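None of these values were measured; they are calculated from a predicted model. In what follows, chains carry the letters A, B, and so on, assigned in the order in which the sequence lines appear, proteins first and then strands, with residues in each chain numbered from 1.
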Amino acid sequence: MDTSVVEALTLDAITKRFGTLTANDAVSLSLNEGEVVALLGENGAGKTTLMNILFGQYTADSGTVRVFGKTLPPGNSRAALDAGVGMVHQHFTLADNLTVLENITLGVGSLLSTSAGRSAARDRIKALSQKYHLSVSPDARVGALTVGERQRVEILKALYRDVRILILDEPTAVLTPQETDDLFATLRLAIADGLSVIFISHKLHEVMAISDRVVVLRHGKITGGVRTADTDKHALATLMMGTEATPPKVPQSTPGPALLKLDRVATPDVGNAPGLKSVSLSLHAGQIIGLAGVSGNGQAAIADVVGGLVKPAEGRIERGGSDIDRWTPREAVKSGIARIPEDRQKTGTIADFDLTENAILERYRSAGFSKAGWLNWRSSRAFAEAIINKYDVRCPGPDTPIRLLSGGNMQKLILGRVLEAAPQVILANQPVRGLDVGAVNYVHGQLLEARARGAAILLISEDLDEVMAMSDVIHVIADGQLSPGFGRGSMTPTELGLWMAGQGFENENAHAP
Amino acid sequence: MRLEPVNNPSFGRKLVPPALALSATIVIASLLAMIAGANPFSVLGLIIKGAFGSKFALLETLNRATPLIFTGLAVAVAFRAKFWNIGAEAQLYAGALITVLLGTGALAWPSGLILPVIALIAVFAGAILLLVPALLKTRFGVDEVVTTLLFNFIFLLFISMLLEGPLKDPMGMGWPKSARLIPEARLPRIVDGLRLHWGFALAIISALCVWLIQTRSTLGYEMRAVGLNKQAAGFAGIPVNLVLVKTALLSGGLAALGGFSEVAGLKGSLTLDLSPGFGYTGIIVAMLALLNPLGVVIAALFVAGIFVGADSMSRAADVPTYLADIMQAISLLLMVLAIMLTRFRVVRD
């Protein structure tokens, strides 16, 4: 080994307990200068807790944190920042109403910035963005930026503060493959300049691509540490899960009758997002229809129509053979449509409601849960408990606020909530975004089970691999238009990519009535 | 420094900050009393004696708390759904107006009939008064803080106009004051000879009902869901705008019931000084109670106790009444701060 290696960060035997739960059990981790260590683990394995301790958000019960040999005082979040540790959170911490420049200088400069100070900052940001290929305008308002651009701002923010250690918490969860490649290119440049990185992720191929070393955390303990060069995806998955994780097999199925039909449906544009343009689609029993496409091409519009949030401006919706007249979320749920929303934290759940209250969110008015306007908490709680047991939601109990759950467990509750109603149609919008391998396989398994039971499933995803693996028929959506359906295996990713880029649609339009 | 939420506050954390706030209030009030020339060590005793020390004092405090419970509930209900009703003052006057309109001879029925009828119509009036801002909000996105606040001024001027004109008591020696209620339209006292009317019992029952609605009914569930996350509530199928309108109706009705109770139970007629800002103080009461309807009762008793006790103290210690006002303000400020400290911890960076 090279003796000139400098240890940038050392976590020494960190233990943290919450009540009876041991979130971190004597976790030790070291990171050398210029090294990328991937921290791998299931939801709830203790990754976030560990990072919160490093940043002084939590105080460890025992153990120390050292940055470049200096011990950080516990429970002091300024100390980590001052020592040169920066973090990019999975959920961005930017102020939408401020510009990029203001967001980046927030908290570093003095409150009363002079125009000379601002232009110096602007020059510095420009220089950094050029050096690290992070193209973003310093004077753009953050609220107007895309998700990918926002992340560049987060990274710029860290670089602007001269961080020497950067922690990335699931940085690619919200990025397109192209944006992920750009991110990695930027990181490699910064690493070459001596930046050390802790990369927290579920995505094994990304871990393989970017890291030097992988540390696996399971149930709060370090269960493995390997050099990336000496391992492969399969071995990592096994380390992470404790058992071998296999993606569910997709058996053959023969489609049944159409359960939900959209007939030449059109919706108006919403802001920058295109509405639907004469979209026709039918969902058949026992079939998974995959909807592929680049983010923001009308996926939200189609999900809103199927989910009952938007009534088509033109065209018809047909459910079970008859035209839909009234169309609201409540009607959609009543007619047997299960809806798994894109954003489980903002639309899927109410953070401060407990699991029971969240479990009955769509059905509190139905017979089992209320009578004449009065809720039956006993049966509601029993329902939540049933979901917790059946869908393996890891939580202290049904009275826990759902905000304390990890993303995967939140998604399992939503899944249980909608699947327990034995739905005929399932709208799954980005059902596995940000989930770990175990949870992904679980969600997919549940969808396949529902398919075997005869449900019609619309799977919307920006992950082409997922769409191709799961779908019996794939449609591509681009700029609010829907491609024809392609049977399983009839298209290569490249061919689908062309449709996603908007090619092929002109011909379709020429033939349209 | 920053604030960090405490997930499961311990008993001590819930108790110590309010106790400190109370002590600090007493210390400050004592110092001010000393500057004004009174014995600083007598202040605490005089306040307690003035608020709770005698039967008379205690009943005075309960009477004072009654309208605050109603307006506190009105605000708590609305704020829970994040409907910012600042107009409890106007809604209270709406209830009072209905009471004198119907109770001064327009209806000549026995007590058992006239009182419920007036109360119901008063509730209806308060609800309708808040329906306008609610519809403006849900239909056109007009900020209800502005509309409900401005409604207060409009409605008070409207009452003033009525009291100078059609409602003016011909026997009132020229004062802007309505005629007195007929005896049947007066809320009786709970116990003969004690100056406490059934309005107080009605307030307690209202608090219990609101608590039941919030914790057990589908409407209460909907109101909480809308307040916590409109987007998720709408996605799940809760009719957000309809819930907001229902919330407004309930909130306005509660405040109006307070107006009915004040006129029919205590005052017997309507004047412009019926409410020394009960609608606004209701906001403080609701905040102190953390929007919990049962907490509203306790918070209203606390606020009323401070009001009555400080007034009595300033008379007994022969210090200016301003001192009582200052004390009320300080105690409320410190208590709001203390309540916040029971839920958040201050972290020094």
Can you tell which part of A:Leu361 gets under 4.5 Å to a heavy atom of chain B, answering side chain, backbone, both or neither? both
For A:Met87, I'd like to know if atom CE has over 12 heavy atoms of other residues, nucleotides or ligands within 6.0 Å. yes
Closest approach of B:Gly234 to A:Pro329 (non-hydrogen atoms, all atoms of both residues): O-CG, 3.5 Å
Heavy-atom count check: over 12 atoms from other residues, nucleotides or ligands less than 6.0 Å from B:Phe124 CZ? no
dist A:Trp374:CH2 -> B:Leu219:CG (nearest 0.5 Å) comes out at 9.0 Å
So which part of A:Gln345 gets closer than 4.5 Å to some heavy atom of chain B, the side chain, the backbone, both or neither? backbone
State whether the number of non-hydrogen atoms from other residues, nucleotides or ligands found under 6.0 Å of B:Lys246 atom NZ is greater than 12. yes
Give a yes or no on whether A:Tyr58 atom OH has more than 12 heavy-atom contacts from other residues, nucleotides or ligands under 6.0 Å away. no
Quick one: CG on B:Asn229 to OG1 on A:Thr349, what's the gap to the nearest 0.5 Å? 7.5 Å
Quick check: do B:Phe235 and A:Lys346 have side-chain heavy atoms less than 4.5 Å from each other? no
Atom group of A:Trp377 that falls short of 4.5 Å from chain B, counting heavy atoms: side chain
Comparing A:Ile360, A:Asn376, A:Thr328 against chain B, the one with the most heavy-atom pairs below 4.5 Å turns out to be A:Ile360
Tell me whether A:Asn97 at atom CG has more than 12 heavy atoms from other residues, nucleotides or ligands lying less than 6.0 Å away. yes
So which heavy atom on A:Leu375 is nearest to which on B:Ser217, and how close? CD1-O, 3.4 Å
Identify which of A:Arg363, A:Arg365, A:Arg417 forms the greatest number of heavy-atom pairs closer than 4.5 Å to chain B. A:Arg365
Would you check if the side chain of B:Tyr221 reaches a backbone N or O of A:Glu357 as a donor-acceptor pair within less than 3.5 Å? yes
